[in-house]
Amino acid sequence: MSALAAEKGAINLSQGFPDFAPDQRLLERAAKAILHGNNQYAPMTGLPALRQAIGNLIANHYQRQIDTNTEITVASGASEAIFDAITALVRPGDEVVLFDPAYDLYEPAITLAGGRCRRLVLTAPDFRPNWQAFRQLLNDKTRLVLVNTPHNPTGSCWQQADLEALWQAIESRNIFVLSDEVYEFIHFGQQPVSVHSHPALRERSLVVSSFGKSFHLTGWKLGYVVAPAELTAELRKVHQFVTFCTVNPLQQAIAEHLQALPEETFALGPFYQQKRDVLRAALAGSRFKLLPCDGTYFQLLDYSAISDEDDIQFCQRLIEEAGVAAIPVSVFYETPPKSQRLIRLCFAKEEATLQEAARRLAKM
Ligand code: PMP
């Protein structure tokens, strides 16, 4: 969709990336680190100063104390972290439970490791898991459960009760959890719900974060994994041979930035809530139905009042007729619900971009 949007000159609300500048001070720190810092290999596990800053961040936000030497690994984006975790844990014949719609990276990594995906289908409008149905997917082959909250593509967020239900379901089994929390700071309303704040569950879990999302720098590809020491040791055996280490000067810049401005940097909820509300208000009079959005920078639209064509065709037509690129939600499912007519818009954009996109969409 991004390629088609570029070809047709459409406003691109398909791919998830901000169109506004990151914090100038962070960019200056990166420039300084490249010009005057260390440009050789970083330690395999991540710069000690960055791991320490991440440890402080987690202590501040989740009241979780971690050993920054044995429980944090810096990776080249959440993508690498997730790939490493799956490769480290999933063995041929193992089963992994996913919640569909699921981020597109999970399944290929599981398949490459020789694992098999078992899927629990989530449906509109709230996309909450049915825990009874979840339990029925578990068996002696289940190795891992993949969690993603706040959730891409739906913008739904788990509640504390969901974490507890997950824990109750897996407690007596030999099952691990990979929690993709790259949108951890982009949530609206209540407290964040994170595996970090569930003392029992986190002992079985690898929690993945991304500075790309939290600092509006998706192109830096810098993320990290927090996991108990034994799981971290396994993860690092893969990380060592996938990238060995992550870009040194960018780690220096982020470490310094985190030390200089710990709190204000992560006030992303109100920042993105305003963008969400601009988009929602601008689309209020249109024939699209807006689904709830509790987190992430994605808004789902139901277009069933406009067309009955499938979402891939509809997105192609949107580019042609409205000049706006969106993502069809069916691509995040193995078997999409038949009557679901949903598209995803990214609202990590300047207000003027959102207003213009909504004006064009309202013509449909
Ligand atoms: N998980 C989810 C749910 C995502 O949306 C993304 C980015 N689109 C990633 C992981 C990958 O993050 P990164 O860019 O840090 O590799």
Side-chain angles (χ1 to χ4, degrees), residues 1-2 12-19 22 26 46 50 54 57 72-87 96 98-110 117 119 122 127 129 144-158 177-187 192-195 205-226 235 238-239 242-243 245-247 250-251 253-254 266 268 272 293-300 325-329 331-333 344-349:
M1 287 302 162
S2 279
N12 188 3
L13 302 192
S14 62
Q15 217 179 342
F17 63 87
D19 74 346
L26 178 51
L50 180 56
I54 294 170
L57 182 72
I72 300 178
T73 309
V74 178
S76 298
S79 307
E80 193 224 316
I82 293 167
F83 183 87
D84 294 349
I86 290 173
T87 308
V96 180
L98 302 182
F99 298 91
D100 255 11
Y103 184 58
D104 57 2
L105 163 68
Y106 309 150
E107 193 218 314
I110 293 162
C117 298
R119 294 159 190 276
L122 309 177
F127 298 97
L144 185 66
V145 179
L146 251 153
V147 172
N148 173 214
T149 184
H151 186 243
N152 177 10
T154 67
S156 63
C157 293
W158 276 18
V177 170
L178 175 54
S179 188
D180 177 348
E181 300 189 8
V182 297
Y183 300 102
E184 65 190 308
F185 298 112
I186 310 177
H187 62 86
V193 170
S194 166
V195 166
S205 304
L206 303 101
V207 185
V208 172
S209 298
S210 170
F211 288 120
K213 313 292 174 189
S214 302
F215 287 140
H216 321 303
L217 297 155
T218 57
W220 281 24
K221 296 297 283 186
L222 241 152
Y224 55 93
V225 193
V226 177
L235 172 108
V238 179
H239 169 65
V242 173
T243 59
C245 69
T246 296
V247 191
L250 298 186
Q251 290 193 60
I254 289 190
F266 290 97
L268 294 181
Y272 276 114
C293 169
D294 299 326
T296 74
Y297 43 53
F298 301 115
Q299 170 67 54
L300 292 191
I327 290 280
V329 171
V331 302
F332 296 93
Y333 284 92
R344 188 197 78 179
L345 299 182
C346 170
F347 56 80
K349 307 292 172 191

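Order of appearance sets the numbers: ligands from 1, and atoms from 1 within every ligand.
Between the side chains of S79 and K221, a donor-acceptor pair is found at a separation under 3.5 Å. A donor and an acceptor atom, one from each side chain of T246 and Q251, are nowhere located under 3.5 Å apart.
Every residue two or more places apart in sequence or in another chain that forms a ring pair (Phe, Tyr, Trp, His ring centres under 6.0 Å) with F298 is listed here: Y183.
Two rings, from Y297 and F347, have their centers 6.0 Å or more apart. Taking the centre of each ring, F332 and F99 stay at or above the 6.0 Å mark.
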Can you produce the list of protein nitrogen or oxygen atoms under 3.5 Å from a nitrogen or oxygen of ligand 1, alongside each distance?
from, atom 1, to, atom 2, distance (Å)
ligand 1, 1 (N), D180, OD1, 3.4
ligand 1, 1 (N), D180, OD2, 2.6
ligand 1, 5 (O), N152, ND2, 2.9
ligand 1, 5 (O), Y183, OH, 2.6
ligand 1, 8 (N), Y103, OH, 3.2
ligand 1, 8 (N), K213, NZ, 2.9
ligand 1, 14 (O), K221, NZ, 3.2
ligand 1, 15 (O), A78, N, 2.8
ligand 1, 15 (O), S210, OG, 2.7
ligand 1, 16 (O), A78, N, 3.1
ligand 1, 16 (O), S79, N, 2.8
ligand 1, 16 (O), S79, OG, 2.6
ligand 1, 16 (O), K221, NZ, 2.7

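Under a cutoff of 6.0 Å and an axis angle of 45°, K349 and F17 form a cation-pi pair.
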